[in-house]
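Only one structure is covered here, and it is reproduced in the block below.
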Amino acid sequence: MTVRTRFAPSPTGMLHIGGARTALFSWLYARHHHGEFVLRIEDTDRERSTDEATRVILDGLSWLGLDWDGEPVFQASRQADHVRAVEQLLEQGHAYRCYCSREELDKMREDQRADGKKPMYDGRCRHRTDHPEDQPYVVRFRSPDTGETIVRDMVLGDVAFNNAELDDLIILRSDGTPTYNLAVVVDDSAMAITHVVRGSDHLNNTPRQIQLYEALGLQAPCFAHIPLIHGPDGAKMSKRHGAVAITEYRQAGYLPEAVNNYLARLGWSHGDDEVFSREQLIELFDLEQVGKTAARFDQAKLDWLNAHYLRQAKPEDLVDEVQQLLNVDASQGPDLARVIASLQERSKNLVEVADGARFFYAAPEAYQEKAVKKNFRDTTWPLLERFLEGVEAMADWSGEAAHTLIQQVCEAEGVNMGKLAQPLRILVSGGPISPPIDLTLALLGRDEVLRRIHAGIKALRD
RNA sequence: GCUCCCAUCGUCUAGCGGUUAGGACGCUGGCCUCUCACGCCGGAAACAGGGGUUCGAGUCCCCUUGGGAGUACCA
């Protein structure tokens, strides 16, 4: 039997970090077992589903590289099948029409709660035999009253539910549309899904779904409920916890391989290893190494991984993304790939790379006050003058030459390199932080360096 | 409230009856150094509590406590 998994998001919101990890685990499981990974958009809630959300979900998955097999299935398009299943259940006595009004149900639940009981449909329409034509009705599944339903979960192990705890759930709304639990069962079966990998928030639905599989005479898939991801404060992930939509990580300069690696390690592990390429993930991932405990989202660790992958990246591969974030024309100044290379090991994301690259293409308009105060004193000016003289006299311009010149000037004046390097850095970049000074000067080019130093001296000394 | 799930450093985790309880992020001391980083060396830091079972329990069982999920004509 070839493995076939699915990711089934509802297009009612963005693809967030938790959904992305569910998709990743599901995808990894399929790829590891040389199976298939398919997509189903669960848009049966017509009120809240939007095309925009669907697009964002698909974009997010594409960005992460979680490719799916075949075309996405839109659940709403499968309504005829769902209704047919409901009719079958109705005919076989596994379901019945319920004419209770919402008000009636609300009151019932309210009363039960007041009695300290679990709110459950009490089955008052179960034995109704009349079928008033003019009254709206829903169809409910006739759930067994006795015995227990066992979920054999690949992550959590066996979980037993007392059937008496499960009430008769609605499978068809009064408007004739199917509800979630019915639709998943019918579709997972129709799509030949072998393994349902989803968030553990679905665990409580699973016994109901198993009962539906049985009633419909269908084979239930294997289930794997993976633990949820919580926000940094331990509470449920929500919009309050920073960038939740996966697309926001892209905008914030994160690399997809870093996000995948981080997400994979949230709940899954392979001994003491931390860094996994996509290929390694596919090779090593399995459900057996998935833990049961919910994890908190830790931005600091994601940052570390992102910095790691950023350092490994080929500069040319980052040019387009950085150019996007730069907001200045990089075609006139130094080669952007070389500038990126100089910034990779001192940045933790692409936004920082872009920020660090900007001065290469736009001369500073101001000099950071604090840095100027710290690094400029009366003795600085003679050093700069001598450096300038040296540059003018230089035949060729290179990083090595600049380095040697700085060294010579400093030695002659009996000061360490920082006394000259820092003022130079501030003059050419506007601040106290940049790639190594010799490399920075080489990248900028002799003319631009001279221009900036003169302008800086003029601005700061006068 | 009721049902279900979970519980090792601050965080992510290794551990699958006998370990000086390991790694990683973060934090921190030092080295390197023209800045910021990178890198290297070192440090602090955990088995939620209580009962069992066992020669022996972080590992198995029960209870407590603490988190979480579900409890819709949402998915």
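Throughout, protein chains are lettered first and strands after them, A, B, ... in sequence-line order, and every chain is numbered starting at 1. The model shown is predicted, which means the values in this text are computed figures rather than measured ones.
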Does the side chain of A/Ser434 come under 3.5 Å of the side chain of A/Arg425 through a donor N or O and an acceptor N or O? yes
Check this for me: does any side-chain nitrogen of one of A/Glu165 and A/Arg208 sit under 4.0 Å from a carboxylate oxygen of the other? no
In whole Å, what separates the C1' atom of B/G67 from that of B/G42? 36 Å
Among B/C73, B/C4, B/G68, find the nucleotide with the atom closest to the side chain of A/Leu228. B/G68
To the nearest Å, give me how far apart CG (A/Leu384) and P (B/C34) are. 18 Å
Could you verify whether a donor N or O on one side chain and an acceptor N or O on the other, from A/Asn306 and A/Tyr262, lie under 3.5 Å apart? no
Select base, sugar-phosphate, or nothing to describe what A/His202 touches, counting heavy atoms under 4.0 Å on all strands. base
With both distances kept under 3.5 Å, what pairs with B/U71, Watson-Crick or G-U wobble? B/G1
When the C1' atoms of B/A75 and B/G39 are considered, how many whole Å apart are they? 48 Å
Determine the contact category for A/Asp438: base if any of its heavy atoms lies under 4.0 Å from a base atom, sugar-phosphate if only primed atoms, P, OP1 or OP2 are that close, otherwise nothing. base
Nucleotide by nucleotide, 5' to 3', does protein get under 4.0 Å of the base (B), only the sugar-phosphate (S), or neither (-) in nucleotides 37-42 of chain B, counting heavy atoms? BSS---
Determine whether the side chains of A/Ser26 and A/Arg21 contain a donor N or O and an acceptor N or O closer than 3.5 Å. no
Spacing between A/Leu203 atom CG and B/A69 atom P, to the nearest angstrom: 13 Å
Checking all strands, does A/Val159 fall into the base, sugar-phosphate, or nothing category for heavy-atom contacts under 4.0 angstrom? sugar-phosphate
Does either side chain, that of A/Asn163 or that of A/Gln211, offer a donor lying less than 3.5 Å from an acceptor on the other one? yes
Reckon A/Arg109 has a side-chain N or O less than 4.0 Å from the OP1 or OP2 of B/A72? yes
Expected output is a numbered-order residue list: members of residues 204-213 of chain A with a heavy atom under 4.0 Å from any atom of RNA chain B. What is it? A/Asn204, A/Asn205
Please state the C1' separation for the pair B/A69 and B/C25 - nearest whole angstrom. 28 Å
Determine: side-chain N/O of A/Lys292 to OP1/OP2 of B/C5, distance under 4.0 Å, yes or no. no
We want to know whether A/Gln289 and A/Ser269 form a side-chain donor-acceptor pair, criterion being a heavy-atom distance below 3.5 angstrom. no
How long is the line joining CG of A/Asp153 and C1' of B/A69, in whole Å? 14 Å
Determine the contact category for A/Thr44: base if any of its heavy atoms lies under 4.0 Å from a base atom, sugar-phosphate if only primed atoms, P, OP1 or OP2 are that close, otherwise nothing. sugar-phosphate
If you check the A/Glu165 side chain, which of B/C73, B/C34, B/U3 turns out closest? B/U3
C1' atom, B/G66 versus B/G50: distance in rounded Å? 15 Å
Filtered N/O pairs between nucleotides 8-14 of chain B and protein, under 3.5 Å:
from, atom 1, to, atom 2, distance (Å)
B/C12, OP1, A/Arg296, N, 2.9
B/C12, O2', A/Arg265, O, 2.8
B/C12, O2, A/Lys301, NZ, 3.4
B/U13, OP1, A/Gly267, N, 2.6
B/U13, O3', A/Ser269, OG, 3.3
B/A14, OP1, A/Ser269, OG, 3.1

Test item: side-chain donor near acceptor, A/Asn181 and A/Gln209, under 3.5 Å: yes
Rounded to the nearest Å, what distance is computed from the CG atom of residue A/Asn162 to the C1' atom of nucleotide B/C5? 17 Å
Say you pick atom P in B/C4 and the same atom in B/C12; how far apart are they, in whole Å? 26 Å
Could you tell me whether A/Asp168 and A/Arg142 have a side-chain N and a carboxylate O separated by less than 4.0 Å? no
With a 4.0 Å cut-off, would you call A/Asp158 and A/Arg152 a salt bridge? yes
Distance check, P atoms only: B/G22 and B/G58, in whole angstrom units. 14 Å
How many whole angstroms separate atom NZ of A/Lys107 from atom P of B/A72? 17 Å
Expressed in whole Å, how much space separates the P atoms belonging to B/C63 and B/C6? 13 Å
Separation of the C1' atoms in B/G51 and B/U19, to the nearest angstrom: 26 Å
N-O pairing of A/Asp175 and A/Arg46 below 4.0 Å: no
Ion pair check, A/Asp111 and A/Lys107, cut-off under 4.0 Å: yes
Side-chain donor-acceptor contact under 3.5 Å, A/Tyr309 with A/Asn261: yes
Which nucleotide, B/C34, B/G68, B/A72, lies nearest any side-chain atom of A/Met417? B/C34
Ion pair present between A/Asp188 and A/Arg40, side-chain N to carboxylate O less than 4.0 angstrom? yes
